[in-house]
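Before any comments, here is the structure.
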Amino acid sequence: MTTAPSRPAVEIRDLHKSFGPLEVLKGIDFEVGQGEVVCVIGPSGSGKSTLLRCVDLLEQPTAGKIWVNGVEMTDPDVEIDEVRRGIGMVFQSFNLFPHLTVLNNLTIAQRRVLRRGRAEAERIARANLERVGLIDKADAFPAQLSGGQQQRAAIARSLSMEPKLMLFDEPTSALDPELVGDVLTVMRKLAEDGMTMMVVTHEMAFARDVADRVVFMDGGVVVEQGPPQEVLGAPRHERTRAFLSRVLDPTHVAQLGQPDQASEPPAAPSLPADDRHHL
Amino acid sequence: MKLRRRQRERLSLGLQYLVFIAIIAAVLFAADWDRLADAFFRVDIIKSMFPTIITVALRNTILYTLGAFAFGLVFGTILALMRLSRVAPYRWVATAYIELFRGLPALLVLFLVGYGIPIAFPERELPGGVFGSIAIGLGLTAAAYMAETIRAGIQAVPKGQMEAARTLGMSHFTAMRTIVIPQAFRIVIPPLTNELILLTKDSSLAYVLGVTAQTIEITKFGRDMLNDRVNATPLLVAGLAYLVITLPLSQVVRRLELRYAKAR
């Protein structure tokens with residue numbers, strides 16, 4: 001399994017995904033460069049989580065191709081378990097293993113998948129718990145942690161596999177508001193350390209401050225993308241503006257009762273010209 | 001006079017206690033205790049049952065139960081995984097087996113195993129003699145019940161657990177073995193305890209295989225003594241002997257569940 005460092009971390013070409021008759025992704029072309037932090041935003045049902053799950057092949061694409069670090073995920077013969085070792089995935093619902101202590105949550109895949117010895121696995125696990133500020137919770141069970149602590153432990157679990165790419169699927173959506181900050185701080189530190197990250201999120205402040213690029217999705221297509229100050233600060237598309245006004249000013253009721261988005265995506269889901277900065 | 005709320009509650013509670021005590025007292029006074037004691041509680045007969053009821057009968061009951069449970073657990077887990085398999089014939093076979101063996105009386109299965117297999121394979125013997133026949137005969141039925149319990153347990157483990165394990169690079173098999181099945185078994189401890197207690201009592205069916213003085217279990221022992229002494233005391237003792245097994249078992253399981261509670 002060779003990885004070509006010159007190739008983008010994630011390349012997606014004309015990706016389609018249908019669940020039965022429902023087409024969720026309608027032709028996505030998309031890249032994440034090495035070391036880049038990309039935030040994917042958009043209304044619920046826009047397909048952004050499905051897109052992220054396709055990257056790790058948790059959903060099988062209906063059509064199109066995906067490469068991760070130069071390996072084609074959509075190749076039917078791909079050694080999926082090998083490729084996934086290089087990809088960390090953080091879920092909205094944490095998905096820690098409740099029957100294992102926090103430390104064992106971090107060591108089990110290192111030992112079973114990477115065949116590391118107990119001592120080495122625990123050393124790496126403790127280093128990562130230190131990194132997310134949970135070293136004192138090593139012997140606790142997940143149920144004894146707050147949601148924010150669980151999510152940080154889940155991030156540390158992924159990091160223990162030393163991935164080249166981290167995927168985050170709405171990592172703070174299941175958290176009480178006062179716990180969101182700790183998780184975002186960990187993610188920000190991770191970004192500053194140079195990790196390649198693809199983050200599906202509703203945290204606009206995080207996207208604005210941390211992302212290199214923001215991608216706005218709606219109706220199964222990428223509507224617009226670019227630097228955060230452009231997409232969030234001066235959106236070019238009406239649908240982006242409508243979405244942002246709903247998210248940033250949720251109590252503003254003037255538009256209630258009006259159709260607040262176009263029923264069909266614009267004729268061509270072409271990318272705006274302003275994505276040049278990452279090419 | 002109108003009673004206040006606390007007075008009404010106290011009166012109601014007092015009445016409920018009174019009814020309870022009255023019923024107990026009526027039973028106590030109405031029953032003919034002397035005749036009852038003579039039929040069910042002859043101390044000399046009780047004494048004559050010891051120590052054999054412990055050293056042989058109780059011991060064999062426990063052995064048969066554990067044997068059948070172990071066989072049923074292993075085979076039941078295999079059946080559960082077959083029912084969840086992607087290979088359709090595995091699913092068909094497991095479903096057919098479960099439907100068939102859940103529908104047959106355990107007595108019949110035990111009889112078929114005990115007498116059918118020696119006829120079918122005259123040169124071979126089931127491993128473990130009577131013990132083996134009982135463990136397999138009862139285990140075959142128990143496996144059918146346990147398979148459905150275990151399958152439900154596996155399906156009760158959230159889908160995200162498998163996904164998280166797979167995204168860490170685990171194979172389906174490793175994820176199943178280290179993540180899903182350990183959690184499934186914690187979920188099914190209470191129904192599996194039920195199965196174990198049912199098996200304890202089903203082990204009394206061993207008599208159809210013709211047990212000897214060495215392989216006798218509690219119920220057969222009690223019935224033999226009943227015929228021998230023409231008195232029902234042995235049945236009472238046999239009943240108590242089962243409680244000696246099942247009551248501590250419930251306690252152990254309760255402890256086990258408490259221990260796992262924080263790891264759920």
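Computation of the quantities below employed the complete heavy-atom set of this structure, encompassing side-chain atoms and omitting hydrogens, waters and symmetry-equivalent molecules. Order of the sequence lines sets the chain letters (A, B, ...), proteins ahead of strands, with each chain counted from 1.
Interface residue B:S171: backbone and side-chain heavy atoms are both found under 4.5 Å from chain A. Using a 4.5 Å cut-off between heavy atoms, A:R157 touches chain B through backbone and side chain atoms alike. Within the 4.5 angstrom heavy-atom criterion, only side-chain atoms of A:L58, from C-beta onward, approach chain B.
Chosen from B:A165, B:P158, B:A175, the residue pairing most often with chain A at heavy-atom distances under 4.5 Å is B:A165. Chain B forms more heavy-atom pairs under 4.5 Å with one residue of A:L96, A:L57, A:L100 than with any other, namely A:L96.
Side-chain atoms of A:N95 never come within 3.5 Å of backbone atoms of B:A164 as a donor-acceptor pair (strictly under, hydrogens ignored).
For the pair B:Q161 and A:P98, the minimum side-chain heavy-atom distance is below 4.5 Å. Residues A:H99 and B:I179 meet the side-chain proximity criterion, which asks for heavy atoms closer than 4.5 Å. Two residues are said to be in side-chain contact when any heavy atoms from C-beta on lie closer than 4.5 Å; A:M89 and B:L168 fail this criterion. Side-chain contact between B:T178 and A:F97 is absent, with no heavy-atom pair separated by less than 4.5 Å.
The two residues B:M170 and A:D81 come nearest to each other via the heavy atoms O-OD1, 3.4 Å.
Counting non-hydrogen atoms of other residues, nucleotides and ligands closer than 6.0 Å to CZ of A:R13 gives a total above 12. In the displayed structure, B:Y90 atom OH is contacted under 6.0 Å by at most 12 heavy atoms of other residues, nucleotides or ligands. Counting heavy-atom neighbours within 6.0 Å of B:F20 CZ, excluding the residue itself, gives a total of 12 or less.
With sequence neighbours excluded, the residues that form a salt bridge (charged side-chain N to carboxylate O under 4.0 Å, His left out) with A:E11 are A:R7.
Proximity to chain B among residues 107-135 of chain A is limited to A:I108, A:A109, A:R112, A:V113, judged by heavy-atom separations below 4.5 angstrom.
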